[in-house]
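Sequential numbering from 1 along the given sequence is applied to the chain's residues. All of these numbers come straight from a predicted model, not from anything done at the bench.
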Amino acid sequence: MRPALVLQTLLLACVLLNAPAQSQTLHPDAVVRSVLHDARGNYWFGTAEHGVYRFDGDSLTRFTKDDRLVSNQVRSLVEDRAGRVWFEGASGISTYDGHAITTLVDRDHTAKSAWELNPDDLWFKGDEIVGFNRAEGSPGVYRYDGEALRYHAFPFANPSGNNGSVTGIDQRRPDRVWIATYGGVIGFDGDSFTLIDDATLGHTDETGYFHARVVFEDSQERLWIGNNGIGVILREGDTTINFTQARGLSRRGRRSGGQTDVPRLGDAPPGQPTLHRVFAISEDAEGNIWFGTVEEGVWRFDGETLRQFTDEDGLETSIVTSIYTDRNGTTWFGGEGVFTFDGTRFERQF
């Protein structure tokens with residue numbers, strides 16, 4: 001064999017050995033935390049510890065740290081106007097331009113108090129798994145303005161508890177961003193801030209305390225905050241209520257504050273389903289609000305009626321940590337597997 005042909009063969013072998021793995025199924029232990037339908041028609045599924053999967057309509061391709069992904073835990077996925085897909089890892093941020101994954105290293109920490117909001121900005125949590133690092137200095141978020149990742153510190157004194165950890169960001173509106181932290185939610189409209197936390201709502205041991213995991217503003221500008229413990233907080237106009245307690249679906253227990261053996265107003269009877277551990281909230285094409293829970297499947301609110309869906313409806317998991325409506329109007333549910341809903345039943349896709 002000619003030397004040039006040998007070299008070409010060796011190079012091709014190296015490429016194949018280093019290529020991302022393809023399959024028809026997710027890793028058996030994968031828990032899907034984020035879903036994205038990109039402009040190219042691909043679906044992306046970010047997992048809790050097994051990297052990110054891309055589905056091109058035929059097969060799944062898995063990307064991990066071996067493929068230069070910053071972290072095997074992908075908490076959120078977003079696409080920019082240029083078609084790049086952004087991966088928010090447990091620590092750090094990567095992008096995919098359609099050809100290769102790049103991890104962003106450079107940061108600007110010189111504008112911590114110079115908050116801005118532009119229509120094409122992308123927002124991400126800090127670089128640490130929990131808390132903040134020395135360069136960040138205090139709790140805050142990163143904003144990508146098309147040129148750099150700029151760190152902005154929260155304008156409140158330790159508003160979030162748990163070392164200022166950010167648990168979710170709703171950045172779908174061009175004129176407002178909502179940032180969920182364990183201790184509450186911060187909103188920014190480009191001019192002013194809104195703080196919703198235990199102090200502003202007067203939370204006590206009786207009501208339970210914030211442990212926010214997701215924030216979502218729907219098409220009617222209602223703000224939904226999902227908590228691991230006190231369920232769903234609903235802010236509608238000037239009124240804020242505990243939606244879960246108002247529906248009699250709360251459960252005094254882990255991370256909710258107060259004594260665990262004393263019932264409170266709004267607690268579900270023992271053995272009844274609850275809506276107190278909410279990790280995902282989204283809106284479907286018909287305007288229904290969906291809640292993904294740990295241990296209790298998913299719930300749908302149509303404006304009047306709240307209904308739970310479980311394995312009896314084809315949802316073969318009790319853990320739903322991501323809900324996403326794609327460009328075609330199909331709603332996807334990620335947890336221990338990926339499912340879609342046809343209006344009547346759930347169907348496992350992966």
To the nearest 0.5 angstrom, please state how far the [atom1] atom of [X] sits from the [atom2] atom of [Y].
X    : Y    : atom1 : atom2 : result
L104 : S94  : CG    : OG    : 7.5 Å
I186 : T194 : CD1   : OG1   : 10.0 Å
K125 : S165 : NZ    : OG    : 7.5 Å
T274 : E295 : OG1   : CD    : 7.5 Å
I281 : I323 : CD1   : CD1   : 8.0 Å
H152 : H109 : NE2   : NE2   : 11.5 Å

Would a single hydrophobic cluster contain both [Y] and [X], if residues Ile, Leu, Val, Met, Phe, Trp and Tyr are joined by side-chain heavy-atom contacts under 4.5 Å?
X    : Y    : answer
F279 : V31  : no
V298 : I319 : no
I225 : V278 : no
I230 : L201 : yes
V185 : I241 : no

When you measure from the side chain of [X] to the backbone of [Y], do you find a donor-acceptor pair of N or O atoms at a distance under 3.5 Å?
X    : Y    : result
Q349 : T340 : no
T64  : N72  : no
D67  : L69  : no
D97  : R84  : no
T321 : A280 : no
E79  : A39  : yes
E296 : H276 : no
Y53  : H27  : yes
T167 : A212 : yes
T244 : V232 : yes

Do you know which two heavy atoms are closest between [X] and [Y], and how far apart they sit?
X    : Y    : value
R68  : I101 : O-CG2, 3.4 Å
G89  : S71  : CA-CB, 3.9 Å
L36  : V78  : CD2-C, 4.1 Å
V338 : V32  : CG2-CG2, 3.7 Å
L117 : R176 : CD2-N, 3.6 Å
E283 : F216 : N-CZ, 3.5 Å

Test I129 against R75 for side chain to side chain contact (heavy atoms under 4.5 Å, CB included), laying out the working first. CA-CA 11 Å; I129 296 177; R75 297 189 179 187; 3.7 Å; yes

Given side chains that start at C-beta, do those of [X] and [Y] come closer than 4.5 Å, heavy atoms only?
X    : Y    : answer
T47  : L26  : no
E316 : F339 : yes
L223 : V215 : yes
N42  : V85  : no
W299 : L249 : yes
E221 : R173 : yes
D342 : E347 : no
V177 : I169 : yes

Go through the steps for D197 and F156 under the test side chain to side chain contact (heavy atoms under 4.5 Å, CB included), then give the verdict. CA-CA 11 Å; D197 64 357; F156 308 103; over 6 Å; no

Tell me every residue that passes ring pair (Phe, Tyr, Trp, His ring centres under 6.0 Å) with F124, counting only those two or more places apart in sequence or in another chain.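 Here the qualifying residues are W86.
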
Tell me if the centroids of the rings in [X] and [Y] come within less than 6.0 Å of each other.
X    : Y    : answer
F291 : F243 : yes
Y324 : H37  : no
W332 : F350 : no

For [X] and [Y], take the angle between the two ring planes, folded into 0 to 90°, and tell me which bin it lands in: parallel under 30, tilted 30 to 60, perpendicular over 60.
X    : Y    : value
F210 : H203 : tilted
F55  : Y43  : tilted
F346 : W290 : perpendicular

So, are D313 and R300 salt-bridged, with charged N and O less than 4.0 Å apart? no

Does the pair E136/R107 count as a salt bridge with the N-to-O cut at 4.0 Å? no

For D127 and Y151, does a side-chain donor sit closer than 3.5 Å to a side-chain acceptor?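 Absent: no donor and acceptor within the cut-off.
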
With sequence neighbours left out, what residues match Q272 under side-chain contact (heavy atoms from CB on, under 4.5 Å)? A268, P269

Of D108, D106, D121, the one forming a salt bridge (charged side-chain N to carboxylate O under 4.0 Å, His left out) with R150 is D108

Begin from the C-alpha positions of V52 and Y96 and carry the test side chain to side chain contact (heavy atoms under 4.5 Å, CB included) through to its verdict. CA-CA 11 Å; V52 65; Y96 180 74; over 6 Å; no

As a quick check of understanding, evaluate side chain to side chain contact (heavy atoms under 4.5 Å, CB included) for I196 and R235, giving each step before the final call. CA-CA 9 Å; I196 306 171; R235 183 176 185 260; 3.4 Å; yes

Count the heavy atoms of every other residue, nucleotide or ligand shown that sit under 6.0 Å from CZ of R81, and state whether that count exceeds 12. no

R172 atom CZ, neighbour heavy-atom count above 12 within 6.0 Å: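 Correct, the count exceeds 12.
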
Single hit among I233, I289, V214 for side chain to side chain contact (heavy atoms under 4.5 Å, CB included) with W224: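 Testing W224 for a side chain to side chain contact (heavy atoms under 4.5 Å, CB included) against I233, I289, V214 leaves exactly one candidate, I289.
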
The test is ring-ring contact (aromatic ring centres under 6.0 Å, His included); show your working for F63 and F87 and say whether it passes. CA-CA 11 Å; F63 300 87; F87 312 99; 7.5 Å; no

